[in-house]
> 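For reference, the structure I am asking about is given below.
As a basis for the values below, the full set of heavy atoms in this structure was taken, side chains included, without hydrogen atoms, waters or symmetry mates.
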Amino acid sequence: MTAPLERVLRAFLEDPAAPRYGYDLMKAAGMKSGTLYPMLGRLEDDRLVTSAWETPQQDGQRPRKYYRLTGEGIRVARLELAQVSASRPRALGRPVRPARGSLV
């Protein structure tokens, strides 16, 4: 799993039932549109994500395309992220040295 995909899946899993629009996902995952939108397209092709256009509420308002994990997408995302977490070595706590000149 790539780091960008991991960040997108984590963003979706913050609230799996909530629809997310592209700009919101870009901010949450810290990535650019050129990385995000092709990834969302692949996730849709794999039927892990669905999308729908909103109906603008005001004249002149641009519609947003909302994305949501499918039930299978939620299951796969949780499984994949659990495997990533399990494969990472755990960081051992290092003792913190007091700052120079402190009285510890």
> Could you go through Phe12 and Ile74, starting from their C-alpha distance and side-chain angles, then the distance that decides it, and tell me whether this counts as side-chain contact (heavy atoms from CB on, under 4.5 Å)?
CA-CA 8 Å; Phe12 271 121; Ile74 293 169; over 6 Å; no
> Any pair with a residue in residues 21-44 that passes salt bridge (Lys or Arg N to Asp or Glu O under 4.0 Å), sequence neighbours left out, goes on the list, sorted by first then second residue, please.
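Checked against salt bridge (Lys or Arg N to Asp or Glu O under 4.0 Å) - neighbours excluded - the pairs reaching residues 21-44 are Arg20-Asp24.
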> State the CG-CG distance between Asp45 and Leu40, to the nearest 0.5 angstrom.
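Between atom CG of Asp45 and atom CG of Leu40 there are 11.0 Å.
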> Taking only residues two or more places apart in sequence or in another chain, which ones pass side-chain hydrogen bond (donor to acceptor under 3.5 Å, both in side chains) with Arg47?
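Residues passing side-chain hydrogen bond (donor to acceptor under 3.5 Å, both in side chains) with Arg47: none at all.
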> Among residues at least two apart in sequence or on other chains, which ones pass ring pair (Phe, Tyr, Trp, His ring centres under 6.0 Å) with Tyr66?
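If we apply the ring pair (Phe, Tyr, Trp, His ring centres under 6.0 Å) test to Tyr66, skipping adjacent residues, the hits are Tyr21.
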> Which residues pass the salt bridge (charged side-chain N to carboxylate O under 4.0 Å, His left out) test with Arg64, sequence neighbours left out?
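Not a single residue meets the salt bridge (charged side-chain N to carboxylate O under 4.0 Å, His left out) criterion with Arg64.
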> Does any non-hydrogen side-chain atom of Leu5 lie less than 4.5 Å from one of Glu80?
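The answer is no, as the side chains (C-beta and beyond) never meet within the 4.5 Å cut-off.
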> Looking at Glu54 and Ala52, would you say the former's side chain and the latter's main chain have a donor-acceptor pair under 3.5 Å?
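Side chain of Glu54 to backbone of Ala52: no pair is present.
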> Give the minimum heavy-atom separation between Pro38 and Ser33, together with the two atoms involved.
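So the two residues come closest at CD-O, 3.7 Å.
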> Does atom CD of Gln61 have more than 12 heavy-atom neighbours from other groups under 6.0 Å away?
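Counting neighbours around CD of Gln61, more than 12 heavy atoms of other residues, nucleotides or ligands fall under 6.0 Å, so yes.
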> Under the side-chain hydrogen bond (donor to acceptor under 3.5 Å, both in side chains) rule, collect the residues that match up with Asp46, sequence neighbours excluded.
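Scan of Asp46 (side-chain hydrogen bond (donor to acceptor under 3.5 Å, both in side chains), adjacent residues dropped) gives none.
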> Which residue pairs pass the ring pair (Phe, Tyr, Trp, His ring centres under 6.0 Å) test with at least one member in residues 31-64, sequence neighbours excluded?
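Sorted pair list comes back empty.
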> Less than 4.0 angstrom from a charged side-chain N to a carboxylate O is my criterion; do Glu14 and Arg10 meet it?
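So Glu14 does not pair with Arg10 through a salt bridge.
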> State, to 0.1 Å, how close Ala29 and Arg7 come at their nearest heavy-atom pair, and which atoms those are.
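Residues Ala29 and Arg7, closest heavy atoms: O-NE, 2.6 Å.
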> At their closest point, which heavy atom of Leu69 faces which heavy atom of Val49, and how far apart are they?
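Scanning both residues, the minimum pair turns out to be CD2-CG2, 3.9 Å.
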> Roughly how far, to the nearest 0.5 Å, is the CG atom of Leu9 from the CZ atom of Arg78?
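Spacing of CZ (Arg78) from CG (Leu9) equals 11.5 Å.
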> Taking all heavy atoms of Pro4 and all of Thr35, pick out the closest pair and write down the distance.
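That would be CB-CG2, 4.2 Å.
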